[in-house]
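Heads up: the structure comes next, in structure tokens.
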Amino acid sequence: MKQSTHNFPVCSTITLILLIFHASYSYSQEIMLRDPLITHTVNSIHTDSLRTVVEDLVSFHNRNNFSSITNPTQGIGAAAEYLYQKASSYIPASDGRLSVEKIWYTAGGPGTSLEREVTLPNVIATIRGSNKNDNRIIALLAHYDSRSFERNDSTTYAPGANDDGSGIACLMELTRLLSAIDLPVTVKLMFLSGEEHGLHGARHMAKIAKEENWNLIAVINNDMIGNSNASETNTQTNTVVRVFSENIPFTETEEQRKERVYNSAENDSPSRQLARYIKEIGQRYVDNMEVKLIYRNDRFGRGGDHTPFYQQGFTGVRMCEIHENYDRTHQVVHEENGIRYGDEIWAVDFEYVRKNSGVNLATVLNMALAPDVPAHVRLDVSGLNNYTELSWETPVNGNVPAAYYVLVRETDQSNWQKKIRVKGNKAKLPYSKDNYFFAVQSIDEAGHESLAVFAKGSR
């Protein structure tokens, strides 16, 4: 956190002020307030464990969605069984919290991206939350299918080490670590098939989540998080990761559109709040790591497994390496003019995967331990004055918050700049509502923050 001390009049409900200023202020200083449990768990991520998962996935030769379902050593069926058995191996240490299942679905047919109909499994590891009064669910995604240059080539060697062996390795390591912790909310780790042919596995799970009315508060898709060297430019870094987020919700209604326009909230969708949350928490717990917010749902001309979830109205983002290497992604493994092509394991930076896994893990733990978000966060715009009055309601789900943070930022700033700790359900601040944006977070006694809820104007 950026902390500074300024004195100004505030209402009596405010008990502690944490001001987070932009780094351009020369007198600001960075203060890291870390939960020992989260710190210890993040530091328990092993690069050897990550590497082993990618090595095992590569050994299946080709994980194309048209590859064999029944071959025990090659193809997508063998990969699915491996993931099922690997995740299930953590059940004994989970004290009954972890369960693993294969969820089968049928997709494809003439005229579709899958030229013939196939039946494929998603492998879902569910870590059940212990608070019976809290039905929140956090979902982490990665896809285990792979492809070569030709999308429907099910026989050519297609290692898929980074795309998306790196994301799968992250989820498997988090399954190991999270299943050993008693969390109040449920976490689902989704090892998905069907991605390379049109996000079919994710589409099936998003449909289930919608039909079963899951209280799915966050979806984080990890797709290619292990390449640290760019093709063409040879730019190299393993200290920055991108988080993609939509600006205007796909399911926005006409009434919601009018409210968004009224509040100038084009940059404050729930997905943007999740992206900002990942940045703050990830950088708090993972050293030498910057989370770069990309204000797009995904890259040009491509998509990821978070997309079907946000199309169903859920809050979702994509985590992805900062530099992509197009000599590797979807290439036939070969060497030409001194350049090695193909998505092989030698090109995966496992220290980078470790740090990106840490960003995921810290985010999930902090969110899971925090209370639910405040309800009906409102900004009073009925009068003309230079104060801002905010109000909100206590969340009905889970534990009652110990306090709240009011978040403040100037309208031309991307990230929240100030945090003001408040007891009670209202605050009156000496900041003009015309010059700032506001949001509110719930916090527990230890300071774990919920996602932020943008304050909307109300007369």
Side-chain angles (χ1 to χ4, degrees), residues 1-22 217 249 255-256 258-277 280-281 315 366-367 370-445 447-459:
M1 295 182 182
K2 307 290 185 183
Q3 185 177 29
S4 179
T5 56
H6 281 230
N7 296 317
F8 49 80
V10 294
C11 71
S12 61
T13 58
I14 300 173
T15 59
L16 174 65
I17 300 173
L18 297 178
L19 302 186
I20 305 176
F21 282 90
H22 192 271
I217 63 169
E255 182 179 351
Q256 289 169 336
K258 291 179 180 178
E259 187 174 52
R260 169 177 56 80
V261 172
Y262 179 75
N263 287 282
S264 301
E266 292 79 11
N267 199 24
D268 281 278
S269 68
S271 292
R272 288 283 155 86
Q273 307 304 346
L274 174 57
R276 293 185 180 112
Y277 190 89
E280 179 181 359
I281 304 305
T315 300
N366 201 77
M367 194 185 307
D372 201 359
V373 296
H376 303 107
V377 178
R378 286 312 202 187
L379 175 71
D380 185 355
V381 296
S382 60
L384 300 178
N385 57 68
N386 286 306
Y387 275 82
T388 293
E389 296 186 50
L390 298 126
S391 63
W392 55 90
E393 295 178 11
T394 302
V396 297
N397 195 38
N399 296 332
V400 175
Y404 300 89
Y405 280 140
V406 174
L407 308 183
V408 186
R409 78 174 195 272
E410 295 173 280
T411 61
D412 64 341
Q413 295 299 306
S414 175
N415 296 307
W416 298 110
Q417 295 171 289
K418 313 180 199 298
K419 280 195 172 189
I420 304 172
R421 192 175 189 273
V422 176
K423 295 285 287 185
N425 293 67
K426 60 178 62 177
K428 183 177 181 181
L429 308 175
Y431 297 100
S432 169
K433 53 187 167 290
D434 299 320
N435 299 342
Y436 295 89
F437 290 128
F438 301 87
V440 180
Q441 294 173 302
S442 302
I443 57 175
D444 67 1
E445 289 287 356
H448 301 112
E449 311 99 318
S450 73
L451 291 168
V453 178
F454 186 73
K456 299 174 182 177
S458 177
R459 291 184 177 88

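The CG atom of Asn366 lies 8.5 Å from the CG atom of Asp444; values are rounded to the nearest 0.5 Å. Here the CE atom belonging to Met367 is positioned 8.5 Å from the CD1 atom belonging to Ile281, to the nearest 0.5 angstrom. Atom NZ of Lys426 and atom NZ of Lys428 lie 11.0 Å apart (nearest 0.5 Å). Rounded to the nearest 0.5 angstrom, Glu389 CD and Arg378 CZ are separated by 15.5 Å. With rounding to the nearest 0.5 angstrom, the OH atom of Tyr405 is 15.5 Å from the CH2 atom of Trp416.
Looking at Glu259 and Lys456, a side-chain N of the basic residue comes within less than 4.0 Å of a carboxylate O on the acidic one, giving a salt bridge.
A donor-acceptor contact shorter than 3.5 Å is absent between the side chain of Thr315 and the backbone of Ser271. At least one donor-acceptor pair under 3.5 Å links the side chain of Arg276 to the backbone N or O of Ser414. A distance-only check finds a donor-acceptor pair linking the side chain of Asn263 to the backbone of Gly457 [under 3.5 Å]. For the pair Tyr277 (side chain) and Glu449 (backbone), a donor-acceptor distance under 3.5 Å is present. The backbone N or O of Ala402 lies less than 3.5 Å from no partner atom in the side chain of Glu445, so there is not a single donor-acceptor pair. Not one N or O on the side chain of Thr411 forms a donor-acceptor pair closer than 3.5 Å with the backbone of Tyr436.
Side chains of Val440 and Val453 form no contact here, defined as non-hydrogen atoms less than 4.5 Å apart. Pro395 is not listed as a side-chain neighbour of Asn397, based on a closest heavy-atom distance of 4.5 Å or more. Between Ser450 and Pro374 there is a side-chain heavy-atom pair separated by less than 4.5 Å. Considering only heavy atoms from C-beta on, Tyr431 stays 4.5 Å or farther from Val406 through its side chain. The shortest side-chain heavy-atom distance between Val377 and Phe438 does not fall under the 4.5 Å cut-off.
Here the closest non-hydrogen pair linking Phe454 and Ala265 is CE2-CB, 3.6 Å. Between Ser442 and Tyr404, the closest heavy-atom pair is OG-CE2, 3.5 Å. Nearest heavy-atom pair, Glu266 versus Ser264, reported as atom, atom and distance to 0.1 Å: OE1-C, 3.1 Å. For the residue pair His448 and Pro371, the shortest heavy atom distance occurs at O-CD, 3.8 Å. The shortest non-hydrogen separation linking Phe437 to Asp268 is CD1-OD2, 4.4 Å. Heavy-atom minimum distance, Gln441 versus Leu407: OE1-CD2, 3.5 Å.
No side-chain N or O of Asn425 forms a donor-acceptor pair with one of Glu393 less than 3.5 Å apart. If you check the side chains of Asn415 and Arg409, you find no donor sitting under 3.5 Å from an acceptor.
Under the side-chain contact (heavy atoms from CB on, under 4.5 Å) rule, Lys433 has a single partner from Leu390, Val381, Asp380, Asn386, which is Val381.
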